[in-house]
Structure formats: structure tokens, C-alpha cells
S.K.: 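Supplied in C-alpha cells, the structure appears directly below.
All ligand and atom numbering here is 1-based and tracks the order in the structure. Throughout, residue positions are numbered sequentially from 1 according to the sequence presented.
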Amino acid sequence: MIKLPLNVDYRKKVVVVTGAGGLICGAMARAFAQSGASVAALDLNEDAVEKLASELKSEGFVCKGYKANVLDVGSLEAVHEAVLRDLGECDILINGAGGNNPRATTDNEYHHEAKEGGKSFFDLTPDGVDFVFKLNFQGTLLPTQVFAKDMAKKGSGSILNISSMNAYTPLTKIPAYSAAKAGISNFTQWLATHFAGTGIRCNAIAPGFLVSAQNKALLFNEDGTPTPRSEKILRSTPMGRFVDASELIGATLFLCDENSASAITGVVLPIDCGFASYSGV
Ligand SMILES: NC(=O)c1ccc[n+]([C@@H]2O[C@H](COP(=O)([O-])OP(=O)(O)OC[C@H]3O[C@@H](n4cnc5c(N)ncnc54)[C@H](O)[C@@H]3O)[C@@H](O)[C@H]2O)c1
């Protein structure tokens, strides 16, 4: 059980969460389940969502895990059918699957500092860049095409996308991920406008820097002191600390609630300890 920062009644709501096997969306799936929703936890990593679902079930909540690939329409449609059978029509969609890939990352921040033999901007391949664009952009568009049909039919619903700090100003080394997340912020506004007359709202959160199992070694030395990149991040963050995944939950529950956020659509909410507001001076 986690302590919920906000009490919203999600009973009778079916919430579909992609990327629910991961850090952020696992926490979101749990929060919706604890708020009374029936949660469909989708991920490529079947073991991770099965584990989450069985944990939640043993605590008395409703959650079912599904193996799904957000880039494969056939897989999404099959899961949609299964969710309809198991839980009912989708009321809320969290488009959480996403991330960067080393194939679309340069070794150096500045080209004039690039070392011989390292991966420079000129070594990035179309495949690597395409992988990151697809995962983040198509991985949001395709589940929305499949699951928002239920919402359009009912005339109500909510979609939450996950943007990032790099959507405002690109971060060094990760050009494809930055551009793809800028695309997600833009697409959030497009969807908000497109669906405005149907009763579907679409918003996004833009999380700041979190510490996760994947990036821990990049952020901290073995003795626990911050690495130079980590020091740079903290110097650029007015609150001087990282964001905890639990700090995304209040905004998620608020933005998806048809009562609390009934007039809010098309916003991208930074949850970043001030990072996006600070010019560095
Ligand atoms: N961690 C951060 O600091 C941070 C900051 C800003 C935004 N984000 C975004 O938040 C979202 C969640 O990130 P996270 O840190 O929890 O990452 P994570 O790696 O812990 O979780 C991502 C999940 O998506 C799943 N996934 C990957 N490809 C998939 C596919 N094709 N189909 C279905 N599932 C797939 C993975 O198996 C994984 O469980 C991502 O969109 C990420 O870009 C993360």
C-alpha cells in the first residue's frame, strides 16, 4: 500500500496504463487501483505486470496484467478485446511506455569535445533514432487510437501522456528522445483540441529528473556522491533535489479526474522541482 496524496474516487472506472511494468507507471497503476479503479496494466515485460497485478490483487484491489507492445496494433487490439472482456470499456488511458536508447545518444555533450573513436552526432544511425521516435511517439498514438475509441463512444474519458523536461529545452546527448518528447507535448495539445467536442480530455505531465535503477550508475558514484552530470542537474534545479516517483501521483489522479479537472485539457504540467523554470542564471 502507498499513502495516496489525494483522495479521488475512481470506483467504476477502467484505467489502462501502458508501461505499467516500469518505475513511474507501476506507481500510477497502483495509485489508481488503491483509488478504486479496475486497472489494466500493460507492458512488453509480462512478468513485471503479472507481479504488480498479483501484489495488488492480494491487497484486495482490482488489477490485471497484460503483455502488450505499444508499437504493434495487432497486439494492442487483442489486449483491448481482453480488457473489454475482463474489466470493461476504457475510461482513462495513461500512455506511459517510452524512454531513450543508447543507439540514439551521443557520447559527448559538445562536438568540439568529442574523442576519437567515440559515438559522435555523425555516428547516430537512422535505425537508432527511429527506434526512439517510434517508441515515444507512435507508442503514444497507437494505444490512443485503440483505447480512446471506447471513450469517444461513451462521450467521456481522459488521456494522460508523459512528456519530459527535454521537451522544453533539449538535453545534451539525447537529440531523438528530446525531439520525440517535444512531439508528445505538441501531440497532447493536438489531441485535446481534436477530442474537445467528444468529452475526452487529454493532458500530460513532464517529470523532472528521477533516480531509477537504470540511471543510478550515471547519477551516483559507488560511494554515493553525485557524478558530474548529476551535480549539473542539481545545480540547475532550484529545489536542489531529484523528483520522487511518488510525487507524480497527486497530479496524475487530479488531471484524470472528470470532476476536479473538468475544464483542464491540453496542459503539460512540469513536475520538476523548478528545473524548467530556471535559466541557469
Ligand atoms: N525516469 C525519468 O526520469 C523520466 C523523466 C521524464 C519522463 N519519463 C517518461 O516516463 C515514462 C515512464 O518512464 P520510467 O522511468 O518509468 O521508465 P521504465 O523504463 O521504468 O518503464 C518503461 C516501461 O515501458 C515498457 N516498454 C518499453 N517498450 C515497450 C513497448 N514497445 N510496449 C510496451 N511496453 C514497453 C518497459 O518494459 C518498461 O516497463 C516514459 O515515457 C519516460 O520517457 C521518465
S.K.: Looking at residues at least two apart in the chain, or sitting in another chain, which of them share a ring pair (Phe, Tyr, Trp, His ring centres under 6.0 Å) with Phe147?
M.R.: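 Listed in chain order: His80.
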S.K.: Output a table of donor-acceptor pairs, distance under 3.5 Å, between side-chain atoms of residues 125-132 and any protein atom two or more places apart or on a different chain; print 'none' if there are none.
M.R.:
residue: Thr125; atom: OG1; partner: Gly128; partner atom: N; Å: 3.1

S.K.: Report yes if the distance between the aromatic ring centroids of Tyr10 and Phe32 is under 6.0 Å, otherwise no.
M.R.: yes
S.K.: For ligand 1, what N or O to protein N or O distances fall under 3.5 Å?
M.R.:
residue: ligand 1; atom: 3 (O); partner: Leu210; partner atom: N; Å: 3.4
residue: ligand 1; atom: 16 (O); partner: Leu23; partner atom: N; Å: 3.3
residue: ligand 1; atom: 16 (O); partner: Ile24; partner atom: N; Å: 2.8
residue: ligand 1; atom: 19 (O); partner: Gln214; partner atom: NE2; Å: 3.0
residue: ligand 1; atom: 20 (O); partner: Leu23; partner atom: N; Å: 2.9
residue: ligand 1; atom: 31 (N); partner: Asn69; partner atom: OD1; Å: 2.9
residue: ligand 1; atom: 32 (N); partner: Val70; partner atom: N; Å: 3.0
residue: ligand 1; atom: 34 (N); partner: Leu44; partner atom: N; Å: 3.3
residue: ligand 1; atom: 37 (O); partner: Asp43; partner atom: OD1; Å: 2.6
residue: ligand 1; atom: 39 (O); partner: Gly22; partner atom: N; Å: 3.2
residue: ligand 1; atom: 39 (O); partner: Asp43; partner atom: OD1; Å: 3.3
residue: ligand 1; atom: 39 (O); partner: Asp43; partner atom: OD2; Å: 2.7
residue: ligand 1; atom: 41 (O); partner: Gly96; partner atom: O; Å: 3.0
residue: ligand 1; atom: 41 (O); partner: Lys181; partner atom: NZ; Å: 3.0
residue: ligand 1; atom: 43 (O); partner: Tyr177; partner atom: OH; Å: 2.5
residue: ligand 1; atom: 43 (O); partner: Lys181; partner atom: NZ; Å: 3.1

S.K.: In terms of side-chain geometry, is the basic nitrogen of Lys232 or Glu109 positioned less than 4.0 Å from the acidic oxygen of its partner?
M.R.: yes
S.K.: Does the pair Glu258/Lys13 count as a salt bridge with the N-to-O cut at 4.0 Å?
M.R.: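 Yes.
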S.K.: Checking Thr237 now: which residues fulfil side-chain hydrogen bond (donor to acceptor under 3.5 Å, both in side chains) with it, not counting sequence neighbours?
M.R.: none
